[in-house]
Protein chains: 2
Amino acid sequence: MEVRDRAPERGRVPSIRDVARLAGVSHQTVSRVLNDHPSIRPETKDRVLDAIAVLDYRPNRAARALVTSRSDVIGVLSATVGEFGPTSSMAAIEEAARVEGYSVTTLNLPDTGPDAIGAAVRQLVREQVSGIVVLAPQVRVFHVLRGLAIDVPFVSLQTASGATADTLSADQVAGARLATQHLIDLGHRDIVHLAGPQDWIEAESRMRGYLDALFDADLPTIPPIRGDWTADFGHFAGLELARRGDMTAVFAANDLMAIGLMHGFRDAGVDVPGDVSVVGFDDIPVAAHVWPTLTTIHQDFPELGRRAIALLLAEIRGEQRPVFGPLAPRMLTRDSSAAPGRR
Amino acid sequence: MEVRDRAPERGRVPSIRDVARLAGVSHQTVSRVLNDHPSIRPETKDRVLDAIAVLDYRPNRAARALVTSRSDVIGVLSATVGEFGPTSSMAAIEEAARVEGYSVTTLNLPDTGPDAIGAAVRQLVREQVSGIVVLAPQVRVFHVLRGLAIDVPFVSLQTASGATADTLSADQVAGARLATQHLIDLGHRDIVHLAGPQDWIEAESRMRGYLDALFDADLPTIPPIRGDWTADFGHFAGLELARRGDMTAVFAANDLMAIGLMHGFRDAGVDVPGDVSVVGFDDIPVAAHVWPTLTTIHQDFPELGRRAIALLLAEIRGEQRPVFGPLAPRMLTRDSSAAPGRR
DNA sequence: TTGTATGCGTTATCAA
DNA sequence: TTGATAACGCATACAA
């Protein structure tokens with residue numbers, strides 16, 4: 001037996017065979033230890049684990065991926081460039097996945113046409129991701145995904161109309177209801193909704209909560225304005241609504257639009273909250289500091305991300321799905337942008 | 001020859017051998033085509049390319065990674081949770097990398113201690129990433145990286161004190177100079193700097209630009225305030241500076257702090273820009289919509305991301321480094337937060 | 001309970 | 001210019 005055979009070259013990363021040699025077993029036994037195979041003698045296992053520790057051995061992911069056709073990579077399909085919420089969830093997703101030994105690869109959707117979605121998913125499947133988190137809250141992304149019938153587990157971070165087991169989100173409807181009810185409680189009767197894009201599921205949910213609250217309070221509904229989530233659009237909407245003047249309060253579907261809206265009102269000489277009250281949604285970091293300070297709905301985006309990973313990993317491993325309590329949005333009454341309505 | 005041998009199973013992804021069979025060559029020849037090997041007959045190459053197209057063949061990345069010890073994955077090391085700039089660069093990085101056939105994996109640094117940095121880099125190296133983009137603008141991250149002497153190419157998206165070839169950034173010093181000069185041009189003499197954290201390279205650069213401008217104009221320097229980039233801290237600083245009252249203008253190192261600062265001034269009864277002018281840095285989406293609208297410095301973060309990938313890929317492929325023109329920050333004079341100083 | 005042999009899809013080495 | 005053959009590091013039948 002040659003010495004060269006026993007001593008791994010310096011600097012080379014140890015392989016399963018190095019571990020086997022050191023532990024005095026076959027590389028196959030090491031593999032069993034690594035994969036928690038049931039039938040293995042405890043003391044053998046300990047010897048192997050010791051060797052693993054000594055060599056600081058870590059399985060080669062490429063080799064494992066090659067043979068299993070699975071990669072221990074979670075793919076994140078994102079269509080939310082710079083949105084505050086999804087971005088906040090992302091960090092949590094990444095961290096939670098790493099803790100469980102998965103790495104995360106991101107793929108941004110340039111547009112949300114069916115072709116682009118299909119191509120993106122195929123790309124991730126080709127990279128043999130173990131699972132996919134969808135951070136693309138557009139309705140059609142959701143439908144396309146369902147239609148693709150991919151064999152990779154996926155979790156969608158959004159509210160589906162009929163929320164199913166593989167979707168997750170804070171209760172957007174309840175949050176929007178809170179916001180609207182707050183305005184109603186302040187005595188407002190003519191409340192306009194500055195909504196998100198038609199294609200977005202969360203936009204629909206927030207609109208629903210708004211409509212529900214109005215309905216329950218027996219208040220008239222005014223046609224909502226369709227925005228695009230941006231502050232620029234909010235500004236435009238403010239100018240427009242100031243011209244119409246048919247409301248005393250606006251519930252904006254997100255803070256960015258709410259801030260732009262207040263800017264538009266300001267430009268048009270409409271006082272907030274003197275003439276019109278405004279409530280936002282999301283609680284972005286500047287919400288507490290703009291003028292007027294923004295009353296809004298706070299959501300726990302990181303927790304949402306963590307839950308997404310928990311759900312996805314259960315799916316991947318074939319374990320039982322965790323059951324989560326409701327993730328209730330919270331009302332932040334800063335009450336500078338919203339004031340009692342004039343009777 | 002059996003038919004079973006020629007017809008790949010339905011649904012199975014085609015391998016290099018399927019292509020070889022269809023093209024009537026050996027799998028090795030296909031490999032040569034894939035890797036642009038010089039010595040190959042053009043017509044053979046065409047046959048192979050045809051077969052590739054017909055089968056819609058794509059190389060298996062795991063197999064390739066296994067044999068080459070390289071993964072076609074770019075690792076992004078990030079220590080900038082939710083910062084506007086880095087987040088904007090991220091999307092561009094991801095897109096640019098994918099266009100070139102690389103996928104992107106992100107790794108967030110929970111803290112920036114040397115141990116955490118080392119562990120993170122080792123993790124990425126273990127995953128056999130082809131290169132690393134560092135989005136962690138803290139000074140010590142930079143030093144630790146240098147010290148690690150990793151054999152994986154990396155690019156750092158930040159301004160180093162002595163900018164070297166492997167760092168990239170907009171000219172922060174010039175931007176800060178612009179901002180400060182703007183205030184000087186408005187007639188201000190007592191200008192305070194609300195700086196970023198001491199550990200951050202960009203904070204240092206912006207401070208330098210500020211100091212340079214003051215020096216050139218022969219103006220007195222006032223000790224800067226060290227902030228943490230957050231709007232909350234800006235608010236605190238506003239209250240504090242209002243008490244001091246020893247300045248007529250503040251240059252905040254980022255927009256978030258600038259907005260919080262204006263909030264603090266407002267709470268303290270200090271009028272912006274009547275009593276004190278404020279200029280920010282970054283041009284975040286709400287900057288144009290807060291009140292007062294924020295005069296600030298605009299940076300092209302996506303372009304920064306694209307350049308990072310171009311530089312990194314050149315390094316990885318051993319090609320010549322691309323030479324970029326200066327990426328000059330731009331002054332956005334919204335001039336509501338900043339007004340002429342009283343003499 | 002453990003070991004042997006085989007193959008995953010690709011690149012690299014060598015020979016033709 | 002091409003092809004046969006051997007790795008890469010691991011998991012998975014199958015045998016012992």
Side-chain angles (χ1 to χ4, degrees), chain A residues 4-5 8-9 11-49 51-52 55-73 101 125-128 130, chain B residues 5 8-9 11-49 51-52 55-73 101 125-128 130 317:
Chain A
R4 283 182 50 223
D5 238 57
E9 306 157 37
R12 194 172 60 82
V13 267
S15 84
I16 198 172
R17 288 169 205 279
D18 298 317
V19 176
R21 216 175 291 130
L22 184 60
V25 297
S26 78
H27 68 105
Q28 171 54 350
T29 302
V30 177
S31 175
R32 289 201 178 89
V33 172
L34 291 175
N35 296 286
D36 284 328
H37 194 89
S39 54
I40 191 161
R41 189 146 37 102
E43 64 177 62
T44 310
K45 181 170 183 174
D46 287 345
R47 272 217 316 286
V48 171
L49 288 177
I52 287 176
L55 296 177
D56 189 31
Y57 162 82
R58 305 294 169 92
N60 179 310
R61 310 185 95 184
R64 182 174 275 178
L66 178 59
V67 69
T68 60
S69 298
R70 281 282 174 275
S71 65
D72 286 7
V73 171
V125 169
R126 198 190 303 285
E127 288 179 28
Q128 304 183 330
S130 299
Chain B
D5 237 56
E9 305 159 37
R12 194 172 60 83
V13 268
S15 85
I16 199 172
R17 289 167 203 280
D18 297 318
V19 176
R21 216 175 290 131
L22 185 61
V25 297
S26 78
H27 75 270
Q28 178 50 263
T29 300
V30 177
S31 176
R32 289 201 178 90
V33 172
L34 291 175
N35 295 287
D36 284 327
H37 193 89
S39 55
I40 191 160
R41 190 147 34 104
E43 63 178 64
T44 310
K45 181 171 183 173
D46 287 345
R47 273 219 314 287
V48 171
L49 289 177
I52 288 176
L55 296 177
D56 188 31
Y57 163 83
R58 307 293 171 89
N60 180 309
R61 311 185 93 182
R64 183 174 274 179
L66 177 60
V67 69
T68 61
S69 299
R70 282 282 174 276
S71 66
D72 287 7
V73 171
V125 169
R126 200 190 301 283
E127 289 179 28
Q128 303 183 329
S130 300
R317 296 164 173 163

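Values in this document were obtained by computation on a predicted structure and should not be read as measured data. Just so it is clear: chains get the letters A, B, ... in the order the sequence lines come, proteins before strands, and each one is counted from 1.
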Atom CZ of B:R21 to atom P of C:dG9: distance rounded to whole Å? 11 Å
Close N/O contacts between protein and nucleotides 13-16 of chain D (under 3.5 Å):
unit_1 : atom_1 : unit_2 : atom_2 : d
D:dA13 : N6     : A:Q28  : NE2    : 3.2

With the side chain defined as heavy atoms from C-beta on, A:Y57 is closest, among D:dG3, D:dC10, D:dT2, to D:dC10
Just wondering, do B:S15 and B:N60 contact through their side chains at under 4.5 Å, heavy atoms? no
Are B:V30 and B:R21 side-chain neighbours, meaning at least one heavy-atom pair lies under 4.5 Å?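 Side chain of B:V30 against side chain of B:R21, heavy atoms only: no contact under 4.5 Å found.
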Heavy-atom check, side chain of B:V73 versus side chain of B:E127, under 4.5 Å: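 The answer is no; the side chains never approach within 4.5 Å.
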Do B:I16 and B:L34 touch side chain to side chain, with heavy atoms closer than 4.5 Å? yes
What is the distance from CG of B:N35 to C1' of D:dT2, rounded to the nearest Å?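 Answer to the nearest Å: 16 Å.
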Picking from C:dT4, C:dT1, C:dT10, which would you name as closest to the side chain of A:R41? C:dT1
Counting only N and O atoms by type, is there a donor-acceptor contact under 3.5 Å from the side chain of A:R47 to the main-chain atoms of A:A23?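 Yes, A:R47 side chain to A:A23 backbone: donor-acceptor pair under 3.5 Å.
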Which nucleotide, D:dT1, D:dA11, C:dT2, lies nearest any side-chain atom of A:I40?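 Comparing D:dT1, D:dA11, C:dT2 against the side chain of A:I40, the answer is C:dT2.
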Value in whole Å for how far the P atom of C:dG9 lies from CD1 of B:I52: 16 Å
Under 4.0 Å from any atom of DNA chain C, heavy atoms only: list the residues of residues 59-72 of chain B that qualify, in numerical order. B:P59, B:N60, B:A63, B:R64, B:L66, B:V67, B:T68
Find the distance B:H27:NE2 to C:dT11:C1' and express it as a whole number of Å. 8 Å
Spell out yes or no: do the side chain of B:H37 and the base of D:dT1 have one donor N/O and one acceptor N/O closer than 3.5 Å?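 Check fails, no donor-acceptor contact within cut-off.
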Determine the minimum heavy-atom distance between A:V19 and A:I52, stating which atoms define it.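 Closest heavy-atom pair between A:V19 and A:I52: CG1-CG1, 3.7 Å.
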Please give me the minimum heavy-atom distance between B:L66 and A:A63, naming the atom from each residue.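 That closest heavy-atom pairing would be CD1-CB, 3.5 Å.
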Keeping to residues at least two apart or across chains, list the side chain to side chain donor-acceptor pair (under 3.5 Å) pairs with something in residues 64-73 of chain B.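 For residues 64-73 of chain B: none.
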Are any side-chain N or O atoms of B:N35 and backbone N or O atoms of B:H37, one a donor and one an acceptor, separated by less than 3.5 Å? no
Check the phosphate of C:dG9 against B:S15, side-chain N and O only, distance under 4.0 Å to OP1 or OP2. Yes or no?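 B:S15 to C:dG9 OP1/OP2: no side-chain N or O under 4.0 Å.
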Under 4.0 Å, counting only non-hydrogen atoms across every strand here, what does A:S31 touch: a base, just sugar-phosphate, or nothing? base
Please determine whether a side-chain nitrogen or oxygen atom of A:T29 lies at a distance below 4.0 Å from atom OP1 or OP2 of C:dG3. yes
Closest listed nucleotide, where the reference is the side chain of A:I16 and the choices are D:dC10, C:dT11, C:dT2: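 Closest of the options to the side chain of A:I16: D:dC10.
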